[in-house]
Amino acid sequence: QVQVVESGGGLVQAGGSLRLSCIASGLTFDDYALGWFRQAPGKQREGVSCISRSGSGRYYADSVKGRFTISRDNAKNTLYLQMNSLKPEDTAMYYCAAALWSYGACSGSGATAFNYWGQGTQVTVSS
(Lines give C-alpha, C1' and ligand atoms only; values in the text may rest on other atoms or scores of the structure.)
Protein backbone atom coordinates (compact mmCIF):
# COMPACT_ATOMS: atom_id res chain seq x y z
CA GLN A 1 0.00 0.00 0.00
CA VAL A 2 1.40 3.36 -1.04
CA GLN A 3 1.58 6.06 1.59
CA VAL A 4 2.65 9.66 1.08
CA VAL A 5 3.04 11.73 4.23
CA GLU A 6 3.99 15.40 4.42
CA SER A 7 5.34 17.21 7.46
CA GLY A 8 7.01 20.46 8.41
CA GLY A 9 4.23 22.97 7.95
CA GLY A 10 3.35 25.56 10.53
CA LEU A 11 2.88 29.22 11.35
CA VAL A 12 5.73 31.57 10.51
CA GLN A 13 6.17 35.31 10.18
CA ALA A 14 6.77 36.91 6.83
CA GLY A 15 10.42 36.64 5.90
CA GLY A 16 10.82 33.39 7.80
CA SER A 17 11.64 29.89 6.62
CA LEU A 18 10.15 26.43 6.74
CA ARG A 19 11.31 23.07 5.43
CA LEU A 20 8.67 20.64 4.25
CA SER A 21 9.36 16.94 4.05
CA CYS A 22 7.48 14.16 2.31
CA ILE A 23 8.09 10.47 2.88
CA ALA A 24 6.69 7.99 0.39
CA SER A 25 6.46 4.28 1.11
CA GLY A 26 5.10 1.26 -0.70
CA LEU A 27 6.55 2.29 -4.05
CA THR A 28 9.89 2.25 -5.82
CA PHE A 29 10.78 5.81 -4.97
CA ASP A 30 13.25 6.52 -7.75
CA ASP A 31 10.72 5.40 -10.38
CA TYR A 32 8.72 8.52 -9.57
CA ALA A 33 9.02 12.17 -10.41
CA LEU A 34 7.79 14.25 -7.50
CA GLY A 35 6.12 17.55 -6.95
CA TRP A 36 4.86 20.04 -4.41
CA PHE A 37 1.48 21.62 -5.02
CA ARG A 38 -0.48 24.10 -2.94
CA GLN A 39 -4.04 25.26 -2.59
CA ALA A 40 -5.28 28.27 -0.69
CA PRO A 41 -8.94 28.70 0.31
CA GLY A 42 -11.00 29.83 -2.65
CA LYS A 43 -8.15 29.35 -5.08
CA GLN A 44 -7.22 26.65 -7.55
CA ARG A 45 -4.48 24.17 -6.89
CA GLU A 46 -1.15 25.26 -8.32
CA GLY A 47 2.13 23.56 -8.96
CA VAL A 48 4.87 25.00 -6.78
CA SER A 49 7.90 22.91 -7.68
CA CYS A 50 8.64 19.56 -9.28
CA ILE A 51 11.71 17.36 -9.59
CA SER A 52 12.69 14.56 -11.92
CA ARG A 53 13.46 11.02 -10.86
CA SER A 54 17.19 11.63 -10.64
CA GLY A 55 16.86 15.12 -9.23
CA SER A 56 18.66 16.68 -12.18
CA GLY A 57 15.54 18.38 -13.53
CA ARG A 58 13.76 20.93 -11.37
CA TYR A 59 10.88 23.27 -12.05
CA TYR A 60 9.74 26.24 -10.00
CA ALA A 61 6.67 28.39 -10.35
CA ASP A 62 7.59 32.02 -11.03
CA SER A 63 6.08 33.04 -7.71
CA VAL A 64 8.62 30.98 -5.73
CA LYS A 65 11.75 31.15 -7.88
CA GLY A 66 14.76 32.22 -5.88
CA ARG A 67 13.00 31.56 -2.57
CA PHE A 68 12.13 27.85 -2.61
CA THR A 69 14.41 24.88 -3.26
CA ILE A 70 13.22 21.37 -4.02
CA SER A 71 15.39 18.33 -3.40
CA ARG A 72 15.05 14.62 -2.94
CA ASP A 73 16.96 11.86 -1.18
CA ASN A 74 16.23 8.61 -2.98
CA ALA A 75 18.04 6.60 -0.30
CA LYS A 76 15.58 7.91 2.30
CA ASN A 77 12.46 7.95 0.09
CA THR A 78 12.10 11.59 1.01
CA LEU A 79 11.25 14.78 -0.84
CA TYR A 80 12.00 18.21 0.58
CA LEU A 81 10.95 21.79 -0.02
CA GLN A 82 13.06 24.47 1.59
CA MET A 83 11.04 27.67 1.74
CA ASN A 84 12.81 30.93 2.51
CA SER A 85 11.68 34.56 2.54
CA LEU A 86 8.11 33.43 3.02
CA LYS A 87 5.30 35.81 2.14
CA PRO A 88 1.68 35.91 3.32
CA GLU A 89 0.63 34.86 -0.19
CA ASP A 90 2.47 31.57 0.34
CA THR A 91 -0.20 30.62 2.88
CA ALA A 92 -1.85 27.41 1.68
CA MET A 93 -2.14 23.70 2.20
CA TYR A 94 0.91 22.09 0.62
CA TYR A 95 0.69 18.67 -0.97
CA CYS A 96 3.34 16.21 -2.05
CA ALA A 97 2.63 14.11 -5.14
CA ALA A 98 4.34 11.33 -7.09
CA ALA A 99 4.14 10.67 -10.84
CA LEU A 100 5.37 7.38 -12.31
CA TRP A 101 8.40 8.00 -14.55
CA SER A 102 7.71 11.65 -15.33
CA TYR A 103 5.13 14.42 -15.17
CA GLY A 104 3.73 16.40 -18.05
CA ALA A 105 3.46 19.79 -16.41
CA CYS A 106 4.09 21.01 -12.90
CA SER A 107 0.86 22.93 -12.71
CA GLY A 108 -2.68 22.63 -11.51
CA SER A 109 -3.79 21.29 -14.87
CA GLY A 110 -0.89 18.84 -14.88
CA ALA A 111 -1.83 17.41 -11.52
CA THR A 112 -3.76 14.57 -13.14
CA ALA A 113 -0.43 13.00 -14.14
CA PHE A 114 0.45 12.45 -10.50
CA ASN A 115 -0.58 9.04 -9.23
CA TYR A 116 -0.23 9.43 -5.48
CA TRP A 117 -0.92 12.33 -3.13
CA GLY A 118 -0.42 13.08 0.51
CA GLN A 119 -2.97 14.59 2.85
CA GLY A 120 -1.20 17.92 2.97
CA THR A 121 0.54 20.12 5.51
CA GLN A 122 -0.66 23.63 6.32
CA VAL A 123 1.66 26.59 5.87
CA THR A 124 0.52 29.91 7.31
CA VAL A 125 2.59 33.06 6.89
CA SER A 126 1.60 36.05 9.00
CA SER A 127 2.31 39.61 7.96
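These numbers come from a predicted model, not from an experiment.
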Would a distance-only check, ignoring hydrogens and angles, find a side-chain to backbone donor-acceptor pair under 3.5 Å from Gln44 to Gln39? no
So, for Glu6 and Tyr94, which heavy atoms are closest and what is the spacing to 0.1 Å? OE2-O, 4.1 Å
Shared ILVMFWY cluster between Tyr80 and Trp117, side chains joined below 4.5 angstrom? no
If I compare all heavy atoms of Gly47 with all of Ala61, which pair ends up nearest, and what's the gap? O-CB, 3.5 Å
Which residues pass the side-chain contact (heavy atoms from CB on, under 4.5 Å) test with Lys65, not counting sequence neighbours? Tyr60, Asp62
Can you give the donor-acceptor pairs under 3.5 Å from side chains of residues 12-28 to other protein atoms, not counting sequence neighbours?
unit_1: Ser17; atom_1: OG; unit_2: Asn84; atom_2: OD1; d: 2.9

Minimum side-chain heavy-atom gap Leu79-Trp36 below 4.5 Å: yes
Does any N or O in the side chain of Arg58 come within less than 3.5 Å of the main-chain N or O of Ile70, such that one atom is a donor and the other an acceptor? yes
Would Tyr95 end up clustered with Ile51 when hydrophobic side chains under 4.5 Å apart are linked, directly or stepwise? no
I need the Phe29 CZ to Thr78 OG1 distance, nearest 0.5 Å. 6.0 Å
Sequence neighbours excluded, every pair satisfying salt bridge (Lys or Arg N to Asp or Glu O under 4.0 Å) that has a member inside residues 90-117: Arg38-Asp90, Arg67-Asp90
Identify the heavy atoms of Ala33 and Arg53 that sit nearest to each other, and give their distance. N-CG, 3.7 Å
Please set out all donor-acceptor pairs under 3.5 angstrom arising from side-chain atoms of residues 100-116, sequence neighbours excluded.
unit_1: Ser107; atom_1: OG; unit_2: Ser109; atom_2: OG; d: 3.1
unit_1: Ser107; atom_1: OG; unit_2: Gly110; atom_2: N; d: 3.2
unit_1: Asn115; atom_1: OD1; unit_2: Leu100; atom_2: N; d: 2.7

Strictly by salt bridge (Lys or Arg N to Asp or Glu O under 4.0 Å), give each pair with a member in residues 95-106 just once, sequence neighbours left out. none
Tell me which donor-acceptor pairs under 3.5 Å the side chains of residues 120-127 have, and how far apart each pair is, sequence neighbours excluded?
unit_1: Thr121; atom_1: OG1; unit_2: Gly9; atom_2: N; d: 3.1
unit_1: Gln122; atom_1: NE2; unit_2: Ala92; atom_2: O; d: 3.4
unit_1: Gln122; atom_1: NE2; unit_2: Thr124; atom_2: OG1; d: 3.4

Inter-residue atom distance Cys50.SG - Leu34.CG, 0.5 Å rounding: 8.5 Å
Take atom CD in Gln82; do more than 12 heavy atoms of anything else shown fall under 6.0 Å from it? yes
Under 6.0 Å from the six-membered ring centre of Tyr32 and within 45° of its axis: does the NZ or CZ of Arg72 meet both? no
Shared hydrophobic cluster, Val64 / Phe37 (ILVMFWY, side-chain heavy atoms < 4.5 Å): no
